[in-house]
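Inspection log for the structure reproduced underneath, given as structure tokens.
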Amino acid sequence: MSELADAEAKSPAPKRSPSLEVEHVSLGYPGRRRGEQVLACRDLNMTVHQGEFVMLVGPSGCGKSTFLEALAGLVHVGAGEIRVDGRPIDGPAKDRSLVFQSPSLFPWRDVYGNVIFGCQAQGRLDAAAKARAEAVIKLVGLGDVAHRRARELSGGMKQRVNLARALVTEPSLLLLDEPFGALDAQTREVMQDELVRMWQGSAIESSTTAVFVTHDVAEAVLMADRVLVFSKSPGTIIDDIPVSLGRPRTAAVRSSREFMAYHDRILDALYGRPTYRAEGVEVASTGSPRSTRSEVSAP
Amino acid sequence: MTTAISDVTSSDPGPPVGGGSADPVLSFGSPGIGQRIPHASLLFGTVGVLLLLVAWQVCAVTGVVDIHISSDPTQVLRQDIHLFSTGAIWAPIGTTATEVGWALAIIILAGIPLGIVLGRFAMLRQMADPIVSILNSVPYVLFLPLIIFWFGLGERSRVVVVIWAGILPLIINTQAGVRNIDRDYLRVGTVFSVSRLRFFTSILIPAAMPFILTGLRLAVARALVGAIVVEFFLSANGLGYFVQNATSNFEMSTAMAGIVVMAVAALLLTRLIGAVERRVISWSQAQ
């Protein structure tokens, strides 16, 4: 199968059934004081189609990671409903897996042991899963270190294991929580390019849907079929930008004029868009003590 | 504040702080003598012990100490050879080993599950906390008369005392290991919907293993002390009784020979646990 044909299959197809539906979702977490609830995001609505790669971009502390954790089933959904393939979610399940922000590997297992953990935990570690694990380890470039302990790996290698562990379970919804955020700039670019390459190739099932949280705008443009922009805390979606850059995308896309245009557009949405600015002014004018308090309670 | 101060000292090319060598980076390529020689710690440890024995021998020969009270290394060695060749030492060793063996088996089989349960269930832990800390801080010797009253004068009482002496550090450490489990591990387990059983075997127990083995190390040391103490009080055999009896009969070389046997046994047990640690939790040890 040629890469081009694959790429076509991956492009957003409105005809396809929605893979993820989010309706009026608000999320909170317990605050420092007893009984207090801090609102992380409010009234989130989105529909993501099967095979789509959606990037969530927002300022730090806007609740985008909390939302992703809710998708993974780690955070209780306070209000609204999240449906995956039509079924409302209730906690974690086999159809979703998460690439964690920190590698979160088990140091007593080697690379292979960590990669198969997901399948093992879900009780489906058969010969096929083992073969898949080996293939994915090669794919993420860790073939030579498959039997090294986690502590012997560099930061970038650890994140490759983290990614491989999520891929081996063949989720229909792949969730990524700033997986490259803590890497050095050079490693980050390499990893971004590799993920794009894997997404466009046959490494990841074309029916897989991905939701990727980041605060790196360039990363968002490079990966996305669609970028959803979050507001400041409590986060809500303030812009929905389809990215129609062609696929397969290569590292060269980064320097194209189109890329820069998308980049600026997202930055505008994040910081300078008129409607957003007006909202900010409005909040400030309703009284400074209140706005100060909401600033303080933000994580 | 502290970081600010250390920043100043490290950027300031003035005299080195704390009398150490110049720049710590420079020492990177030139390890000290203790690191250059293979098995250095074993070698120097042996040298230390030998120096002590020579000093003892010299003191005894020159009459600085009374040989009737202190014995000397050559006599102790001769006595040890005698005890082993006649087989007189085997019975006391067997008795103590049986006691300690039973007690350690029970300590491991009961202490680790208890620690895990207390670590996992907050309410049980809060209920057990005062009891555990009282039992851990009040000397168990105090309960000896009661234990004799409850369990009689036989081996059962002795095993109970050894368990009592050794189990608490294992419970406390296991509990700490379970409570200190990295939140990330729990999240990975949750996201991949790990079953309850597999959570215990694949995440909880491996993650707590460094704490469990530290607890076990302490438990073994305390159990040995417990075994000797209880033999001082209620026994007609065992190594503790053997040493006490020899001392009462003013046979210092025999008493010392018994102590040497005990010391070697303790050393071997500690080494055994060290080997287990190196195998099982090599992943957690500092480079």
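Only this structure's heavy atoms are used, side chains among them; waters, hydrogens and symmetry mates stay out. A note on names: the letters A, B, ... follow the listed sequences, proteins ahead of strands, and every chain is numbered from 1.
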Determine the interplanar angle of the A:Phe100 and B:Phe192 rings, folded into 0 to 90°, and report it as parallel if under 30°, tilted if 30 to 60°, perpendicular if over 60°.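 The rings of A:Phe100 and B:Phe192 sit tilted, inter-plane angle from 30° to 60°.
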Is it the case that A:Gln159 and A:Asn162 place a side-chain donor and acceptor less than 3.5 Å from each other?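 Present: a donor and an acceptor within the cut-off.
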What I want to check is whether the side chains of A:Ser65 and A:Asp177 have a donor and an acceptor closer together than 3.5 Å.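 Yes, because at least one side-chain N or O of A:Ser65 sits under 3.5 Å from a partner of the opposite role on A:Asp177.
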Can you tell me which portion of [X] sits under 4.5 Å from chain B's heavy atoms? Options are side chain, backbone, both or neither.
X: A:Leu74; answer: side chain
X: A:Leu105; answer: backbone
X: A:Ala150; answer: neither
X: A:Glu152; answer: neither
X: A:Thr169; answer: side chain
X: A:Arg109; answer: side chain

Please classify the contact of B:Arg198 with chain A as side chain, backbone, both or neither, using a heavy-atom distance under 4.5 Å.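 Answer is side chain: those atoms of B:Arg198 sit under 4.5 Å from chain A.
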So which part of B:Ser195 gets closer than 4.5 Å to some heavy atom of chain A, the side chain, the backbone, both or neither?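 Only the backbone of B:Ser195 comes within 4.5 Å of chain A.
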Note: A:Arg188-A:Glu219 ion pair, threshold 4.0 Å (strictly below):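 Result for this pair is no, no salt bridge flagged.
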Measure the spacing between CD1 of B:Ile93 and OG1 of B:Thr98 and express it to the nearest 0.5 Å.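 One finds 11.0 Å between CD1 of B:Ile93 and OG1 of B:Thr98.
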Atom pair CG (A:Leu39) and OH (A:Tyr29), whose distance is rounded to the nearest 0.5 Å: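 Going from CG on A:Leu39 over to OH on A:Tyr29, the span is 9.0 Å.
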